[in-house]
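Order of the sequence lines fixes the chain letters, A, B, ..., with proteins taken first and strands second; residue numbering starts at 1 for each chain.
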Protein chains: 2
Amino acid sequence: MSNPRAKHIVRDEARSEASPAKSKTEKKPRDERWRELLKAAARVFAKKGYKSTSLQDLADEIGILKGSLYYYIDSKEDLLYELVHGILDGGIANLRSIALGGGDALTRLEAVITTHVEYLVDNLAETTVFLHDIKHLSKERRETLAIDEYEQIITRLIEEGQAEGTVRDDIDSRLIGMGVLGMVNWIYRWYRPGDTVTPRSLGTFYAEMVVSGIHA
Amino acid sequence: MSNPRAKHIVRDEARSEASPAKSKTEKKPRDERWRELLKAAARVFAKKGYKSTSLQDLADEIGILKGSLYYYIDSKEDLLYELVHGILDGGIANLRSIALGGGDALTRLEAVITTHVEYLVDNLAETTVFLHDIKHLSKERRETLAIDEYEQIITRLIEEGQAEGTVRDDIDSRLIGMGVLGMVNWIYRWYRPGDTVTPRSLGTFYAEMVVSGIHA
DNA sequence: CCTACCGATCGGTAGG
DNA sequence: CCTACCGATCGGTAGG
């Protein structure tokens with residue numbers, strides 16, 4: 001989430017106090033603008049797709065000129081990477097701490113599902129960008145990301161459950177794992193803020209459905 | 001699946017017999033080229049995304065010049081529409097005939113799932129384009145498509161099951177329906193031709209998993 | 001009128 | 001952050 005261009009950030013270089021209200025040349029601290037830019041990118045990429053979003057779109061969104069974006073980034077891809085990297089690492093950290101914790105495998109799987117659902121819903125735009133546009137990252141950058149971790153964490157939990165005898169073992173753990181992941185990740189396609197179902201109860205239900213669907 | 005430009009197709013106008021092997025100016029009947037173009041578009045759109053695919057890419061793929069594509073289409077979007085329209089209508093026809101058939105709701109739901117999985121796997125590229133790039137269709141064209149039919153068919157079956165008492169009715173049918181759809185549709189993201197699991201057994205397993213996951 | 005393209009250029013946008 | 005631009009490539013169309 002750090003600004004890749006701001007190698008040496010000098011904090012708060014005496015923000016101009018001159019115009020308290022909006023002026024045409026209003027100055028915003030660099031960090032604030034950077035966060036604003038990332039939020040705008042998440043929103044617009046999620047809506048239109050990365051490839052269909054021009055830097056002009058983003059510049060308009062935050063009220064600067066297109067060329068000025070290069071004060072914050074080196075390329076359009078920087079924005080995609082920052083979003084995708086941030087959302088992935090956050091999600092993995094969540095799941096890893098649960099999956100490696102105590103308790104039987106099925107209980108940990110339930111916790112992983114509810115936690116993942118809440119995280120996904122709380123970060124709908126970023127998740128959408130991750131699930132839709134990661135292919136537009138360069139191979140080099142994509143290789144720095146632990147993209148398969150989600151799949152591995154879930155599949156491993158299912159294998160533990162099979163070893164414990166709580167999960168049916170007549171089916172490949174990977175098939176089950178991808179089914180679970182699909183059910184959960186699909187949420188980004190239909191859930192909208194303000195939906196009658198809360199993220200918490202949605203997660204609880206899907207966890208329940210999975211457990212009764214795969215138990216031995 | 002018809003060629004929008006070929007208003008009056010004259011069948012097989014004495015295809016040149018001169019060069020039986022490949023010649024530089026090899027002639028292919030119009031319909032054949034059109035199908036070849038659609039197949040190439042499905043393949044390349046699925047791999048690179050609609051927006052990242054140039055008409056030059058497609059022309060290269062089938063071995064003609066970019067400008068020559070306009071003999072077959074009026075715009076790039078024609079190709080997207082044709083693919084998305086074809087795969088959607090085929091899939092809906094499948095499911096509708098099953099959903100409206102006889103038997104109890106849960107049995108029909110199982111059949112819908114297995115049929116849909118096989119159809120999806122048999123048409124992986126087209127399904128990928130449909131699930132990823134439909135947003136790039138113009139509003140006018142998108143509105144001609146029955147995009148919500150899948151969701152409605154599955155949700156309605158679940159409601160019938162709830163009415164019959166075979167499906168748990170303490171949960172919104174839509175939540176269950178989207179869960180089922182997500183699990184099944186997610187297949188396009190990980191299944192590859194040659195995978196050890198056959199489409200048939202994959203469908204059977206997912207149907208099983210759903211039924212035991214949601215039964216009353 | 002057709003099939004199967006070519007060479008050149010259109011309005012517009014890309015990243016830099 | 002702005003002004004003033006570039007090289008290239010985009011989808012699409014011209015006449016032959």
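Atom CZ of A:Arg142 is surrounded by more than 12 heavy atoms from other residues, nucleotides or ligands within 6.0 Å.
The gap from the P atom of D:dA8 to that of C:dG12 amounts to 22 Å, rounded to the nearest Å. If you take atom C1' in D:dG15 and the same atom in C:dA4, they sit 15 Å apart, rounded to whole Å.
Of the candidates C:dC5, C:dG15, C:dA4, the closest approach to any side-chain atom of B:Arg33 belongs to C:dC5. Minimum atom distance to the side chain of B:Tyr71 is reached by C:dT3, of the listed D:dT13, C:dT3, C:dG15. Nearest to the side chain of A:Leu65, among D:dT3, C:dG15, D:dC1, sits D:dT3.
You'll find the side chain of B:Tyr70 reaches within 4.5 Å of the side chain of B:Leu55, heavy atoms only.
Under the 4.0 Å criterion applied to side-chain N and carboxylate O atoms, B:Glu126 and B:Lys39 are assigned as salt-bridge partners. The residues A:Glu160 and A:Arg156 are annotated as not salt-bridged, no charged nitrogen and carboxylate oxygen being separated by less than 4.0 angstrom.
Contacts between residues 45-58 of chain A and DNA chain C, defined by a heavy-atom separation below 4.0 Å, involve A:Ser54, A:Leu55, listed by number.
The heavy-atom pair separating B:Met209 from B:Met183 by the smallest distance is CE-SD, 4.0 Å.
Across the interface with DNA chain C, nearest-nucleotide mapping of B:Gly63 and B:Lys66 shows B:Gly63 to be the residue nearer the 5′ end.
The aromatic rings of A:Tyr72 and A:Trp34 lie parallel to each other, their planes meeting at an angle below 30°, with 60° marking the opposite boundary.
Between the CG atom of A:Leu79 and the P atom of C:dG15 there is a distance of 10 Å, given to the nearest Å. In this entry the distance linking CG of A:Leu69 with P of C:dG16 reads 12 Å, nearest Å. Distance, B:Tyr72 OH to C:dA4 C1': 7 Å, rounded to whole Å. Summarising the geometry, the separation between CD on B:Glu36 and P on C:dT3 is reported as 17 Å, rounded to the nearest angstrom. Per the geometry, OH belonging to B:Tyr70 stands 17 Å off P belonging to D:dG15, to the nearest Å.
Annotation: A:Tyr50 is not in aromatic contact with A:His132 [ring centroid separation under 6.0 Å not met].
Within the 4.0 angstrom heavy-atom criterion, only backbone atoms of the sugar-phosphate kind lie near A:Ser75; the bases stay farther away.
When base pairs are accepted only as Watson-Crick or G-U wobble with both N-N or N-O distances under 3.5 Å, DNA chain D takes part in no stem of 3 or more pairs.
For residues 48-59 of chain B, the set of pairs meeting the salt bridge (charged side-chain N to carboxylate O under 4.0 Å, His left out) definition, not counting sequence neighbours, comprises B:Lys48-B:Asp57.
A donor and an acceptor atom, one from each side chain of B:Ser201 and B:Thr198, are located under 3.5 Å apart.
With hydrogens and angles left out, the side chain of B:Lys76 and the base of D:dG12 share no donor-acceptor pair within 3.5 Å.
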